[in-house]
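Here is the structure we will look at.
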2 protein chains.
Amino acid sequence: MATCSCEINACVLCEERLYPGLTKEQVCQIRERLIRELYAPHEVLFREGDPAVFLFALRSGQLKLTSSMPDGRQQILRIAVAGQLLGIETFKGQRYPFTAEALTDVVACKISHDDLRQILAGSPAIALRVIETLSQELDQTESLIRDLGLKTAPEKVSSFLLSLIPQRGDPGAELPLRLSRREIAEMLGLTEETVSRVMADFARKKIIGSGKGYIRILDRKWLEETNGVENKASSTERRAQSGHS
Amino acid sequence: MATCSCEINACVLCEERLYPGLTKEQVCQIRERLIRELYAPHEVLFREGDPAVFLFALRSGQLKLTSSMPDGRQQILRIAVAGQLLGIETFKGQRYPFTAEALTDVVACKISHDDLRQILAGSPAIALRVIETLSQELDQTESLIRDLGLKTAPEKVSSFLLSLIPQRGDPGAELPLRLSRREIAEMLGLTEETVSRVMADFARKKIIGSGKGYIRILDRKWLEETNGVENKASSTERRAQSGHS
DNA sequence: ACGGGATATTGATCTGCATCAATATTCACC
DNA sequence: GGTGAATATTGATGCAGATCAATATCCCGT
């Protein structure tokens, strides 16, 4: 039949335009393999070490992906945003390598590995889309490595703050901050005290304005210089500004 | 025609069995888009910030992927091994996000983004293969984040040493060590002095034996405990504070 | 509006690793 | 096999950020 009741499942895997060569029937067959799920903030989609049965296509909202050590130390690997595919690291693996926890209300489509594999085998357009998503995730992850491996605490925080700025939209507007100090610390490899101190310092210097649950970037240029990634022209005297003693 | 002279280009993208639905002619057409290249140790395939024209499929050898800050601080993002695809992060991007430098003799197949896109659009088997590779790279990168973000120097070095052990083969054998102390440090977010000290300490404790250009794992279990990933209650169980959220 | 737990700020001190420094070893090349 | 440059080891000292500690503030349910 030409219609089915699966529209509610709309996500990165089920937009009709991704299947140019397929009939509506076939598209519906694909869609029926997807299970739409809703999660509230703090809900866990899956835990590190669990058998990896499903993948998740994130339709809306944000997740944090964390890995922890037996003694309780925890690291945020990445913040997943709408459009990304979760758990693809287990494409050939057995267990989820991280815990996925909702930061906001989340809508996600769940699908089994085997089903995804079949869909990919039959639809190059979807496969391309997945490759693009994975590329983006890899890029995002590599950026975090840069931050963790060679930046000082203020540089890390600058980097983090800059990452909050949306590509489109007013950069001077209030930006929602969904992570606690502890979570920011867990992302940047710092302690919450250090994050708090650095952000207080930034606020004192009028680099940012901070309220509860949001921040406002007041001096983006300063952050971009402090975060260290930008222009290589002023490389020589750069290090002077880092600590004020 | 049924034969062409492109066999020399064999790599992850050009194994015939990956194109089950295609004729030999078509496979040869794909292969002709690939350019095989050879690199000696220390040769650079491309530099961070260069316009990203080509992707590289690594056929044999190892590469280090590095990113550096204007003041010279440098971070190894990942060691790429045979089978991986390089520069896919730029699938939609403009510039390489890292420098790729050969650690060993390297054979790689070079291909333009557009050509790869066409191949992927026409061959789901290849696309699946690329997805698997990307998954592996993402997993590898996430592991490094764990090391960088929440491990101490000895834990980092343990982690690194364990990563040298091949899946198959005698774990007690001499393992080739292609990275200098400085490079190990650049990978783990340490200094070369610290790496040297930790490794000297490990050698003193008979955890490893070290010679020129190789190391030998003498006490793998100890490393696995020290690296912290497995269950370890021996040293500090008092820190575990069951704080969920 | 109140009380109590979670989260954040701020201060004082400690420490793991960086930094600075001085050899020691290996390697490349003639 | 000797000479110098790159790499590695080892020691001494310093500091950024962790840790410990004491409020302060927010948040939510009743």
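Quantities reported herein were computed from a predicted structural model and do not represent experimental measurements. Quick note on labels: first sequence line is chain A, next is B, and so on, each numbered from 1.
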Below 3.5 Å, can you tabulate the donor-acceptor pairs from side chains in residues 197-208 of chain B to any protein atom, sequence neighbours excluded?
unit_1   : atom_1 : unit_2   : atom_2 : d
B/Asp201 : OD2    : B/Lys205 : NZ     : 3.1

Please give, in whole Å, the distance from [N] [atom2] to [X] [atom1]?
X: A/Phe202; N: C/dA8; atom1: CZ; atom2: C1'; answer: 17 Å
X: B/Arg73; N: C/dT19; atom1: CZ; atom2: P; answer: 9 Å
X: A/Lys151; N: C/dC17; atom1: NZ; atom2: C1'; answer: 21 Å
X: A/Leu190; N: D/dT19; atom1: CG; atom2: P; answer: 11 Å
X: B/Asp201; N: C/dG16; atom1: CG; atom2: P; answer: 13 Å

How would you list, by chain and number, every residue that makes a side chain to side chain contact (heavy atoms under 4.5 Å, CB included) with [X], sequence neighbours excluded?
X: A/Ser180; answer: A/Arg182, A/Glu183
X: B/Gln62; answer: B/Ile79, B/Val81, B/Leu103, B/Thr104, B/Arg178
X: B/Leu162; answer: B/Ile165, B/Arg220, B/Leu223, B/Glu224, B/Asn227
X: B/Ser210; answer: B/Ile215

Pairs touching residues 64-85 of chain B that satisfy ring pair (Phe, Tyr, Trp, His ring centres under 6.0 Å), sequence neighbours left out: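 Those involving residues 64-85 of chain B do not exist here.
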
Which part of the nucleic acid, if any, lies within reach of B/Gly189 when heavy atoms closer than 4.0 Å are counted: base, sugar-phosphate only, or nothing?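 Touches sugar-phosphate only.
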
How large an angle, rounded to 10°, do the end axes of the helix from C/dA1-D/dT30 to C/dC30-D/dG1 enclose when each is built from five base pairs?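 Here the local axes at opposite ends form an angle of 60°.
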
Any chance you could list the contact pattern along nucleotides 2-11 of chain D? Use B for base contacts, S for sugar-phosphate-only contacts and - for none, protein heavy atoms under 4.0 Å, 5' to 3'. ------SBBB

A/Glu142: partners by salt bridge (Lys or Arg N to Asp or Glu O under 4.0 Å), with sequence neighbours left out: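 So A/Glu142 forms a salt bridge (Lys or Arg N to Asp or Glu O under 4.0 Å) with B/Arg78.
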
Determine, stepwise, if the pair A/Thr141 / B/Ile145 fulfils side chain to side chain contact (heavy atoms under 4.5 Å, CB included). CA-CA 8 Å; A/Thr141 307; B/Ile145 287 190; 3.4 Å; yes

